[in-house]
Amino acid sequence: MTNQQAHFDHSYRALGDRYATACTGTPVTNPNWLAWNETLAEEMGWPSKWRHTSAALDALAGNTVLEGMNPAATVYAGHQFGSFNPQLGDGRALLLGEWVNKAGKRFDIQLKGAGPTPYSRGGDGRSPVGPVVREYLLSEAMFHLGVPTTRALAAVTTGDPVIRNQIEPGAILTRVASSHLRIGTVQYFAMTQRGEGLETLVNYVAQRHYSDSIDTTECSEIQGAARALLSEMGKRLAGLVARWQSLGFIHGVLNTDNMLLCGETIDYGPCAFMDSFTANKVFSSIDTGGRYAFANQPAIAHWNLSVLAQCLLPLLDDHEESALAYAQRVVDAFPQQYTDVYSGLVAAKFGFDSISAADQPLIDGFFTLLEENQHDFTLALRWLTETATKSIDHTPLAELFIPSPALEAWYREWTARADFSEDGLERMTQSNPVVIPRNHLVARAITQAEQGDNALMTTLGERWRAPYRWEKNDTEWAACPKKDEEIHRTFCGT
Ligand code: AMP
Ligand code: MG
């Protein structure tokens, strides 16, 4: 479908009522703009009459429905911190529809925080302004860092209070994803509906996201779809988590319902980027056991993939043993797929073409040293980059980062090993960011937004659009937090 008018579509709703329930946003008192993402609107071919206009404001606050929207909440299940929850669903999210641009590209558009839905089960379906600011900034920063992610088209304040530990101003995020279908969506139909509706779902997801990989030469259509979904999802997940690890991103709630089948990062709740490097770092206030610590993320993604594999077993092959063998092969391939992507990213960060077994002790040594000296992860890597590219005197980095004698010694060892090419140095520059969405800056933007001032949110959102180069005022934006600015806990705001 090309060269058509951009429009709303509802292909997922068309699968039937067991997948989603129609409902609308609950009107709010006094909506106001917090943020508007014109670049994304442009990419989506979003009509100008709905760009930062009062019509858009009302609709994105859940007060009205724009032409073509058909809001609904979708159902899913999921393993939360390892325990199965048979019914979750969009409890504070509302799918407005699928926006299809002129080129035929499809974007799910969701409001997050637009009021209760049939899946809210006691919750208010609302969001305080803090989590909306965090998700807006973090998801957009992730995109510009080159990580697959849901995006943020807009954020609005509602004018109504939200009651959490204290009374907070309410807000709504407009989230955009390739789709919002999750491992948990598959789980719902496989594990709670005795497989009813599962084939339709799997066919749909495979067609929507992995149509190029469906191969039915030796199997049925549904088997081809299930195999494509499982194996391609495995690859995307491996690539996704490798990117998180290469940037020091900690998701915080890697439940199976927070893993999208399209392979995009979703749910920026109690997430954070590390400042100083700690392999087992945990920020999430609800992750008391450290299940989703930084270093555990690849293994958790692997576990989540195995849950998807288990759900798809009946669809993979006519014979149980062959189905099991297929699933096992995909699950077993994950660690190597992860390592391949991760090693490539790490090689780029250190200026190597590839990482050989002989390099591993050197790389491991770097991270050990960072942890022992509590060096800032991002600045240490950028320091390497700028020292190697001899650009350190032209940037504010020397003001921001003082290497320990141990790191200086490691640097000498590294340069003795490395044989930098111009390409290698350029790759380093393009893979070691100057700025990341640091907690203390996000927290400052949240505090201001809670007081009705979105200036810092706007500034940070702008700055994080070009994370791999220096810009003016970067002594402020690239700096790691001072001791009294450090934040070690983040909250999901449910
Ligand atoms: P999350 O932590 O955002 O992944 O949400 C987990 C589940 O709790 C999902 O089913 C959400 O829809 C639901 N949930 C989270 N916050 C709320 C809320 N404020 N009201 C109703 N449901 C919620
Ligand atoms: Mg979630």
Side-chain angles (χ1 to χ4, degrees), residues 19-21 23-26 28 62 71-96 108 110-136 138-139 149-150 152 158 160-177 179-188 191-192 240 250-272 283-288 291-292 300-301 304 307 490-494:
Y19 300 93
T21 307
C23 61
T24 52
T26 306
V28 301
T74 72
V75 67
Y76 53 85
H79 276 87
Q80 299 180 302
F81 290 92
S83 309
F84 184 58
N85 186 336
Q87 187 161 348
L88 292 161
D90 295 329
R92 60 166 164 182
L94 194 62
L95 178 64
L96 299 176
D108 264 17
Q110 245 196 12
L111 297 185
K112 197 171 167 188
T117 76
Y119 304 106
S120 298
R121 300 202 305 168
D124 60 2
R126 293 294 185 192
S127 177
V129 74
V132 167
V133 171
R134 178 183 300 281
E135 176 150 355
Y136 188 101
L138 269 281
S139 64
T149 177
T150 63
T158 61
D160 296 326
V162 173
I163 299 159
R164 294 293 180 265
N165 287 332
Q166 56 208 28
I167 295 180
E168 300 179 48
I172 299 174
L173 182 84
T174 306
R175 179 163 68 184
V176 176
S179 89
H180 285 91
L181 303 169
R182 307 144 193 266
I183 292 181
T185 315
V186 173
Q187 281 182 276
Y188 176 81
M191 295 177 160
T192 77
L240 180 70
I250 305 168
H251 181 283
V253 217
L254 282 180
N255 296 337
T256 54
D257 55 304
N258 288 338
M259 282 210 146
L260 292 185
L261 297 169
C262 64
E264 291 172 0
T265 311
I266 187 171
D267 265 8
Y268 293 84
C271 62
F283 284 93
S284 168
S285 60
I286 53 174
D287 189 8
T288 45
R291 179 181 170 90
Y292 300 139
I300 289 291
N304 289 350
V307 171
T490 47
F491 303 86
C492 52
T494 55

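Below, all heavy atoms of this structure are taken into account, side chains as well, without hydrogens, waters or symmetry copies. Just so you know, ligand 1 is whichever comes first in the structure, and atom 1 is the first atom listed for that ligand. Since this is a predicted model, take the numbers as computed values, not measurements.
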- Message: Could you walk me through whether N255 and R291 satisfy the side-chain contact (heavy atoms from CB on, under 4.5 Å) test, starting with their C-alpha distance in whole Å, then the side-chain angles of each, then the deciding distance to 0.1 Å, before giving a yes or no?
- Response: CA-CA 10 Å; N255 296 337; R291 179 181 170 90; 5.5 Å; no
- Message: side-chain contact (heavy atoms from CB on, under 4.5 Å) for V253 and F81? Distances and angles first, verdict last.
- Response: CA-CA 8 Å; V253 217; F81 290 92; 4.0 Å; yes
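Formation of a donor-acceptor pair under 3.5 Å by the R121 side chain with backbone atoms of Q87 is found in this model. For the pair R126 (side chain) and G113 (backbone), a donor-acceptor distance under 3.5 Å is present. The closest donor-acceptor contact from the side chain of D90 to the backbone of R92 lies at 3.5 Å or more, if one exists at all. Distance alone, capped at 3.5 Å, places no donor-acceptor pair between the D257 side chain and the A77 backbone. Distance alone, capped at 3.5 Å, places no donor-acceptor pair between the D267 side chain and the N258 backbone.
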N/O to N/O under 3.5 Å, ligand 1 against protein:
| residue | atom | partner | partner atom | Å |
| --- | --- | --- | --- | --- |
| ligand 1 | 3 (O) | R92 | NH2 | 2.8 |
| ligand 1 | 3 (O) | D267 | OD2 | 3.4 |
| ligand 1 | 4 (O) | N258 | OD1 | 3.0 |
| ligand 1 | 4 (O) | N258 | ND2 | 3.4 |
| ligand 1 | 4 (O) | D267 | OD2 | 2.9 |
| ligand 1 | 10 (O) | G89 | O | 2.7 |
| ligand 1 | 12 (O) | G89 | O | 3.0 |
| ligand 1 | 12 (O) | G91 | N | 2.6 |
| ligand 1 | 12 (O) | R92 | N | 3.4 |
| ligand 1 | 16 (N) | R92 | NE | 3.2 |
| ligand 1 | 19 (N) | D124 | OD1 | 3.0 |
| ligand 1 | 19 (N) | R126 | O | 3.3 |
| ligand 1 | 19 (N) | R164 | NH2 | 3.4 |
| ligand 1 | 19 (N) | T494 | O | 3.3 |
| ligand 1 | 20 (N) | D124 | N | 3.4 |
| ligand 1 | 20 (N) | G125 | N | 2.8 |

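For the Mg ion (ligand 2), the nearby protein N/O/S atoms, meaning those under 2.8 Å, are N258 OD1, D267 OD2.
You'll find the ring centres of Y268 and Y136 outside the 6.0 Å limit.
Under the 3.5 Å distance criterion, with hydrogens and angles disregarded, no donor-acceptor pair is assigned to the side chains of T256 and N304.
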